[in-house]
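Accompanying notes for the structure given below.
Only a predicted model underlies this, so the values are computations on that prediction, with no experimental measurement involved.
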Amino acid sequence: MTRMKAVFRLFAASCGFGLTLVSGCARSQVLTEAAVAERSHPSDSEAGSRRADPPSGSVPTSGLVAEIAAQVAGNLASATTLTIHSSQTVSFAREPLDGVSKEESERSLREPRLAIEALPHIRLDVEVDAEMTPTSMRASFRKVGSPQPEMILELSSVNGQPMFRESHWYAALRGYLRGEPYAIEDPSGVEGLQVDHAFWSEIQAQGAPVCALAEFYCTWIGSESIRVRSYREIIGESVVVSRERLNGEDVYVLSRPCYDIRNDSSRSVRTDRFVVTDGFKLVAWSSHYTNLRFGARVAYMVVDRVYSYQNGE
């Protein structure tokens, strides 16, 4: 990740085969049963782009989605401490389409998760543990199977200036080297952090930028947190919502069409899926990417994030 500030925008909502987000947030309205019957008609904000079609069988709504987003953001804005565990999985597969016509290339597209299951693929799993206050954070990043975190990232504030400190594990030393604190210009992220390259290098080598951990480069909580503002926006861009049972609990499931961009040589699609509890905590977020190069190849990537909260005030 060469420019963290650019990558971090809306928690790396623009990541995934180098395309930008088609945005258009819903406005907050009152949460009522009647809101479920409303239909959202988001408009395009970029020339040459259009939103993907919502999943079939779901119930579109605008007011309900906006209120869920506001409640999630409000919970984080009012918190004073938070301990979060996140399991993050990135899966990637490619399929050659050499010499296949544009029309046949389009017809060959599959749902990303099903395509990855059917094709030879790479799957990488990372665990994140983070403790947060409105002005500080300590997050550890560990590949599944590793005996210790590969990196620990600490965020603090000195005289009101956000400061980062990185600690990296070196097997040859059997210990961590702790870097010097350094100032950052904006709490949304900094240039030069290499944690994502270290974790996702096998997929980065395939040409797919991955920034699944970007939301852990700042504290999530407090009224000034960019996380709070971005959660309200990206969840509020969802166009459908349903009620489902997950682990014995009723949850809201929201779908967000992020982009469907086509030109003469390619087509790229991204959709997001959010799972929110009745207490308005985000417990899962998955992103599905498709990048088709007509007559050349198609690439699929799925990023799955699961969150659990040990405490919160």
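Both Ile234 and Ile84 are members of a single hydrophobic cluster when ILVMFWY side chains are connected at heavy-atom separations under 4.5 Å. Under the 4.5 Å side-chain contact rule for hydrophobic residues, Ile152 and Leu155 do not share a cluster. Met137 and Met163 end up in different hydrophobic clusters when Ile, Leu, Val, Met, Phe, Trp and Tyr side chains are linked at under 4.5 Å. A single hydrophobic cluster is not seen to contain both Leu246 and Val306; linkage of ILVMFWY side chains at heavy-atom distances under 4.5 Å, directly or through other members, places them apart. Hydrophobic clustering, with ILVMFWY side chains joined whenever heavy atoms are under 4.5 angstrom apart, groups Trp285 together with Leu124.
For the pair Ser225 (side chain) and Gly222 (backbone), a donor-acceptor distance under 3.5 Å is absent. Not a single donor-acceptor pair under 3.5 Å links the side chain of Tyr217 to the backbone N or O of Leu153. The closest donor-acceptor contact from the side chain of Asn159 to the backbone of Gln161 lies at 3.5 Å or more, if one exists at all. Checking side-chain atoms of Tyr300 against main-chain N and O of Glu111 turns up no donor-acceptor pair under 3.5 Å. Side chain of Trp220 to main chain of Glu215: a donor-acceptor pair is present (N/O by atom type, distance under 3.5 Å, no hydrogens or angles).
Residue Glu127 is tested with Ser140, Ser86, Ser87 for a side chain to side chain donor-acceptor pair (under 3.5 Å); the sole match is Ser87.
In this structure, Glu233 CD and Glu237 CD are separated by 5.5 Å, a value rounded to the nearest 0.5 Å. For the atom pair OG (Ser268) and OH (Tyr259), the distance works out to 6.0 Å, reported to the nearest 0.5 Å. With rounding to the nearest 0.5 Å, the separation of OG in Ser266 from CG in Leu292 is 7.5 Å. With values rounded to the nearest 0.5 angstrom, Gln206 atom CD is found 15.0 Å from Trp200 atom CH2. A distance of 10.0 Å separates CZ of Phe199 from CD of Gln88, quoted to the nearest 0.5 Å. Rounding to the nearest 0.5 Å places CZ of Arg297 at 5.0 Å from CZ of Arg94.
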Practice item. Carefully, step by step, assess Ile226 and Cys218 under the rule side-chain contact (heavy atoms from CB on, under 4.5 Å). Key: CA-CA 8 Å; Ile226 191 172; Cys218 73; 3.6 Å; yes
Problem set entry | side-chain contact (heavy atoms from CB on, under 4.5 Å) between Phe216 and Met132, worked out | CA-CA 10 Å; Phe216 287 99; Met132 301 180 180; 4.0 Å; yes
I'd like to know whether Arg267 forms a salt bridge (Lys or Arg N to Asp or Glu O under 4.0 Å) with Glu106, so could you lay out the CA-CA distance, the side-chain angles of the two residues, the decisive distance to 0.1 Å, and finally the verdict.
CA-CA 9 Å; Arg267 177 184 179 187; Glu106 290 252 32; 2.8 Å; yes
**OP:** Output, in order, the C-alpha distance, side-chain angles, deciding distance and verdict of ring pair (Phe, Tyr, Trp, His ring centres under 6.0 Å) for Phe141 and Trp169.
**Re:** CA-CA 11 Å; Phe141 304 84; Trp169 172 263; over 10 Å; no
Is there a side-chain contact (heavy atoms from CB on, under 4.5 Å) between Lys281 and Tyr309? Walk through the geometry before answering.
CA-CA 9 Å; Lys281 289 185 177 181; Tyr309 305 84; 3.9 Å; yes
I'd like to know whether Arg229 forms a salt bridge (Lys or Arg N to Asp or Glu O under 4.0 Å) with Glu224, so could you lay out the CA-CA distance, the side-chain angles of the two residues, the decisive distance to 0.1 Å, and finally the verdict.
CA-CA 8 Å; Arg229 299 193 300 272; Glu224 301 302 315; 5.1 Å; no
- Task: Go through the steps for Ser105 and Arg293 under the test side chain to side chain donor-acceptor pair (under 3.5 Å), then give the verdict.
- Result: CA-CA 8 Å; Ser105 295; Arg293 301 290 181 184; over 6 Å; no
* For Tyr176 and Gln148, what are the C-alpha separation, side-chain angles and deciding distance, and is it a side-chain contact (heavy atoms from CB on, under 4.5 Å)? -> CA-CA 10 Å; Tyr176 291 94; Gln148 67 284 310; 3.7 Å; yes
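Checking Tyr289 against Arg270 by side-chain atom types alone, a donor-acceptor pair falls below 3.5 Å. Between the side chains of Tyr182 and Glu166, at least one donor N or O sits under 3.5 Å from an acceptor N or O. There is no side-chain donor-acceptor pair under 3.5 Å between Ser286 and Arg305. Side chains of Ser101 and Glu104: a donor on one and an acceptor on the other come within 3.5 Å.
Ser308 has its side chain out of reach of Val283: every pair of non-hydrogen atoms, C-beta onward, lies at least 4.5 Å apart. Thr277 places a side-chain heavy atom less than 4.5 Å from the side chain of Glu249. Residues Tyr252 and Val275 form no side-chain contact, since every pair of their non-hydrogen atoms from C-beta on lies 4.5 Å or further apart. Under the 4.5 Å side-chain criterion, counting only non-hydrogen atoms from C-beta, Val298 is in contact with Thr290. Counting heavy atoms from C-beta on, the side chains of Val251 and Arg243 never come closer than 4.5 Å. For the pair Leu254/Ile68, a side-chain contact is recorded, criterion being any heavy-atom separation below 4.5 Å from C-beta on. For the pair Thr135 and Thr219, the minimum side-chain heavy-atom distance is 4.5 Å or more.
Of all non-hydrogen atoms in Ala79 and Ile221, the two that sit nearest each other are CB-CG2, 3.9 Å. Scanning all heavy atoms of the two residues, the minimum distance from Val144 to Val126 falls at CG2-N, 4.2 Å. Minimum interatomic distance between Val228 and Ala77 (heavy atoms only, all atoms of both residues): CG2-N, 3.7 Å. When all heavy atoms of Met301 and Ala208 are compared, the closest pair comes out as SD-CB, 4.2 Å. What you find for Pro209 and Gln204 is that their closest heavy atoms are CA-OE1, 3.5 Å. The shortest non-hydrogen separation linking Leu76 to Leu82 is CD2-CD2, 3.9 Å.
Applying the side chain to side chain donor-acceptor pair (under 3.5 Å) criterion to Arg123, with sequence neighbours excluded, gives Asp125.
Here salt bridge (Lys or Arg N to Asp or Glu O under 4.0 Å) pairs that include residues 141-157, with residues two or more places apart or in two chains, are Glu154-Arg178.
Cation-pi contact between Arg256 and Phe274: absent, since separation from the ring centre below 6.0 Å together with deviation from the ring axis within 45° is not met.
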Show every donor-acceptor pair shorter than 3.5 Å between a side-chain atom in residues 112-122 and any protein atom, with sequence neighbours excluded, or say none if there are none.
| from | atom 1 | to | atom 2 | distance (Å) |
| --- | --- | --- | --- | --- |
| Arg113 | NH1 | Asp304 | OD2 | 3.0 |
| Arg113 | NH2 | His288 | NE2 | 3.1 |
| Arg113 | NH2 | Asp304 | OD1 | 2.9 |
| His121 | ND1 | Ile116 | O | 2.9 |
| His121 | ND1 | Leu119 | O | 3.0 |

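Within a 6.0 Å radius of CZ in Arg245, more than 12 heavy atoms belonging to other residues, nucleotides or ligands are found. Atom CZ of Arg138 sits in a sparse spot, with 12 or fewer heavy atoms from other residues, nucleotides or ligands closer than 6.0 Å.
Ion pairing of Glu244 with Arg273 is present here, as a side-chain N (NZ or NE/NH1/NH2) and a carboxylate O approach within less than 4.0 Å.
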